[in-house]
Amino acid sequence: MSVQPPSATFSLIPETAPFTPEQRQWLSGFFAAALAPLVPPGGVMALPETAGAPKANDEASNDDAPWHDPSMTLADRMALAEGRPIAPRLMAAMAQQDCGQCGYNCADYANALAAKSEERLNLCVPGGKDTLRMLKALAPEIGAAPGAAPALKTEAAPAASPAVPGRSREAPVAARFLSRRRLNGAGSEKETHHVEFDLTEAGLDYVVGDAFGIFPTNDLGLVDQIIAMLGASHLTEVRGRPLRTVLAEEVSLSPAPDSLFELISFLTGGAQRAKARALATGEDPDGDAANLDVLAVLTKFAGVRPHPEAFVEALEPLQPRLYSISSSIKAQPGRVSLTVDSVRYVIGKRRRLGVASTFLGERVKPGDAVRVYVQRAHAFALPADPATPVIMVGPGTGVAPFRAFLQDRAADKAPGRNWLFYGHQRQATDFFYADELEALKKDGVLTRLSLAWSRDGSQKIYVQDRMRETGADLWSWLADGAHFYICGDAKRMAKDVEAALVDVIAAHGGMTAEAAVAYVQAMKKAGRYQADVY
């Protein structure tokens, strides 16, 4: 069914709204295009009978998910989903990042669980233990008759059909690690690496916006400490392999899963048993639950030595990690680049390591084969029209996909303007890809580069501050049809950037705050606002 363009007198914006006739007409046309499925040829907007009502088929959907916000707490998300069918409530339990690490987006993972085509409850890596607990609590409602509950499974379920090699977490392929180089200057508080893989043997390709899945291995120093705490031998056979190999390659060693506390509770008694049982149900009797990885649990319950086989079975599988691709295959045929922060921190007297980030930052060696796959992007891609302007906001490692975007636009000689907002702590030590970005500016590919440094002066400056400072020009780009992209921290930065965008639209687009929020929502619906957050 075709949709007629609005006539000269048609308006979705009330005449009482604080806009000029020209602004009302422009906004009406914009919203009519963005909401085209709701606007019939007669020009009367068809609204649902009940705003926010669940879809008739009870599936989870981003279109009806007020909890689809990664900065929102799990408790708040579940409260918003209360009373909904099981699939939307399963979706509310997810981390809301649509990161693809589970092999789905959040809504599709929930729908797959509700339909029982997926039985694994432990795939949401960013949601972690909290999501897994909530999914386990909801699981008895999945397709159950009154009084019946389906069996829960957290092990790998057989695939319905063979997965394409290298195109999903179910079918990784081997790629050669080529190199790493540190992007920070001397004196930086961060350790960030530019990492490259050779894809020729793997036969993989990708498009900008895609993510690269890595199956890391655990630090052998940590593995050996755990084996010592178990009082076992490295060569003890578990699952047909040496214990050391299984702990390094197959299971997650952080955070400690509830099932490990359950196992501990069966092997001890008295106060120790009560404490382990409390931890298994999400309680925090000693105020240290957030810091308990597997080694910390063995240390906390030092008198308990589980049998290695039972111990391994109590752990969760080691999940792959996804990284935004920071290169264009058009610029680097046969290769893929990543931009990775190495995570290291100290709790008590123990140094903790991010599993995948330090695997890429120090443990994997040039020439090593690593199990990898390409995760196709979910609604994160350059505009189909190369003449469309793009605005990119990517502080820190969030610059990764935008380096790829710029390489791609340069290779295609795309005529569209490009504006990048980048920020970090200090310009002297944390300006990633500075020479490349300056060269792209010189060549006319990067039209504008707005920089923000949070530790270079007495006042902390962030990318959202630069957005407000350049608000008039930013609005001009949006009015010209620019697509807006954001990549980076989901909990705070993404929320702050969206708030700044709303402020800019309200201030320079002559709108109320409510109208500016509606404008941003319409941008999202039309695919003009896209996010890659983690």
Side-chain angles (χ1 to χ4, degrees), residues 62 65-80 92-99 101 106 124-131 184 188-192 211 255 290-291 321-324 339-345 352 354 357 380 391-402 420-426 430 432 450-471 474 484-506 513 516-517 520-521 523-524 529-534:
N62 288 356
W67 55 82
H68 194 54
D69 178 352
S71 66
M72 192 177 291
T73 66
L74 176 62
D76 289 343
R77 297 198 305 268
M78 297 311 299
L80 285 173
M94 311 302 176
Q96 310 306 309
Q97 294 182 17
D98 284 339
C99 61
Q101 293 192 74
C106 295
C124 184
V125 174
K129 190 185 296 187
D130 290 339
T131 289
N184 316 89
S188 175
E189 297 177 20
K190 299 287 187 176
E191 183 182 331
T192 309
N291 298 330
R321 303 304 198 267
L322 282 180
Y323 290 94
S324 301
T339 307
V340 181
D341 263 341
S342 292
V343 177
R344 293 184 177 85
Y345 54 100
R352 308 287 184 96
S357 66
F380 193 78
I391 301 164
M392 302 163 285
V393 183
T397 56
V399 75
F402 304 135
L420 174 64
F421 288 84
Y422 173 77
H424 211 308
Q425 292 187 348
R426 296 179 175 86
D430 304 307
F432 301 162
S450 296
L451 302 172
W453 311 108
S454 63
R455 307 287 177 86
D456 270 350
S458 57
Q459 183 180 1
K460 291 186 176 181
I461 303 296
Y462 298 103
V463 286
Q464 58 266 29
D465 300 314
R466 295 301 186 213
M467 288 172 60
R468 290 186 174 95
E469 290 173 4
T470 58
L474 192 56
F484 185 88
Y485 299 87
I486 180 173
C487 180
D489 172 58
K491 296 298 182 185
R492 292 191 57 186
M493 185 277 296
K495 189 173 183 178
D496 291 343
V497 166
E498 183 165 329
L501 184 63
V502 168
D503 290 346
V504 165
I505 292 168
V517 169
V520 171
Q521 293 304 314
M523 286 180 64
K524 291 179 179 180
Y529 183 115
Q530 299 181 24
D532 176 12
V533 295
Y534 42 83

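Quick note: numbers below take in every heavy atom, side chains included, and nothing from hydrogens, waters or symmetry partners.
What you find for Lys491 and Ser71 is that their closest heavy atoms are O-CB, 3.3 Å. Between Gly423 and Val463, the shortest heavy-atom contact is N-CG1, 3.7 Å. Closest of all the heavy-atom pairs between Ser357 and Tyr323 is N-OH, 3.4 Å. Shortest non-hydrogen contact noted between Leu474 and Phe421 is CD1-CE1, 4.1 Å.
With contacts defined as side-chain heavy-atom distances shorter than 4.5 Å, the pair Met493/Val533 does not qualify. When side chains are defined from C-beta on, Val497 counts as touching Phe484, because their heavy atoms get closer than 4.5 Å. Side-chain contact between Met72 and Leu80: present, with at least one pair of heavy atoms (C-beta onward) separated by less than 4.5 Å. Considering only heavy atoms from C-beta on, Leu451 stays 4.5 Å or farther from Arg466 through its side chain. Looking at Tyr534 and Pro126, their side chains never come closer than 4.5 Å, going by heavy atoms from C-beta outward.
Within the model, atoms CD of Gln101 and CG of Leu322 stand 4.5 Å from one another, a figure rounded to the nearest 0.5 Å. Here the CZ-OG1 distance, from Phe432 to Thr339, works out to 8.0 Å after rounding to the nearest 0.5 Å. Atom CD1 of residue Ile391 and atom CG of residue Leu501 lie 8.0 Å apart, to the nearest 0.5 angstrom. With values rounded to the nearest 0.5 angstrom, Asp456 atom CG is found 9.5 Å from Gln425 atom CD. Atom CD of Gln530 is separated from atom CE of Met523 by 10.0 Å, given to the nearest 0.5 angstrom. Taking CG from Asp489 and NZ from Lys495, the interatomic distance works out to 12.0 Å, rounded to the nearest 0.5 Å.
Residues that satisfy the side chain to side chain donor-acceptor pair (under 3.5 Å) test with Glu189, not counting sequence neighbours, are Arg426, Arg455. Looking at residues two or more places apart in sequence or on another chain, you find a side-chain contact (heavy atoms from CB on, under 4.5 Å) between Ser188 and Arg182, Asn184, Lys190, Thr429, Asp430. Not a single salt bridge (charged side-chain N to carboxylate O under 4.0 Å, His left out) links Asp69 to another residue, sequence neighbours left out. Listed by chain and residue number, Ala400, Pro401, Cys487, Asp532 satisfy the side-chain contact (heavy atoms from CB on, under 4.5 Å) test with Ser324 (two or more places apart in sequence, or in another chain). For the side-chain contact (heavy atoms from CB on, under 4.5 Å) test, residues two or more places apart in sequence or in another chain that qualify with Lys524 are Glu498, Val520, Gln521, Tyr529. Contacts of Ala500 classified as side-chain contact (heavy atoms from CB on, under 4.5 Å), with partners at least two apart in sequence or in another chain: Gln464, Met467, Arg468.
A distance-only check finds a donor-acceptor pair linking the side chain of Arg77 to the backbone of Ala92 [under 3.5 Å]. Although no hydrogens or angles enter the test, the distance criterion places a donor-acceptor pair under 3.5 Å between the side chain of Thr131 and the main chain of Ala93. Although no hydrogens or angles enter the test, the distance criterion places no donor-acceptor pair under 3.5 Å between the side chain of Arg321 and the main chain of Val125.
Aromatic ring pairs are classed by plane angle as parallel below 30°, tilted from 30° to 60° and perpendicular above 60°; the pair Tyr422 and Trp453 is perpendicular.
Atom CZ of Arg492 is surrounded by 12 or fewer heavy atoms from other residues, nucleotides or ligands within 6.0 Å.
The ring of Tyr485 has its center closer than 6.0 angstrom to the ring center of Phe380.
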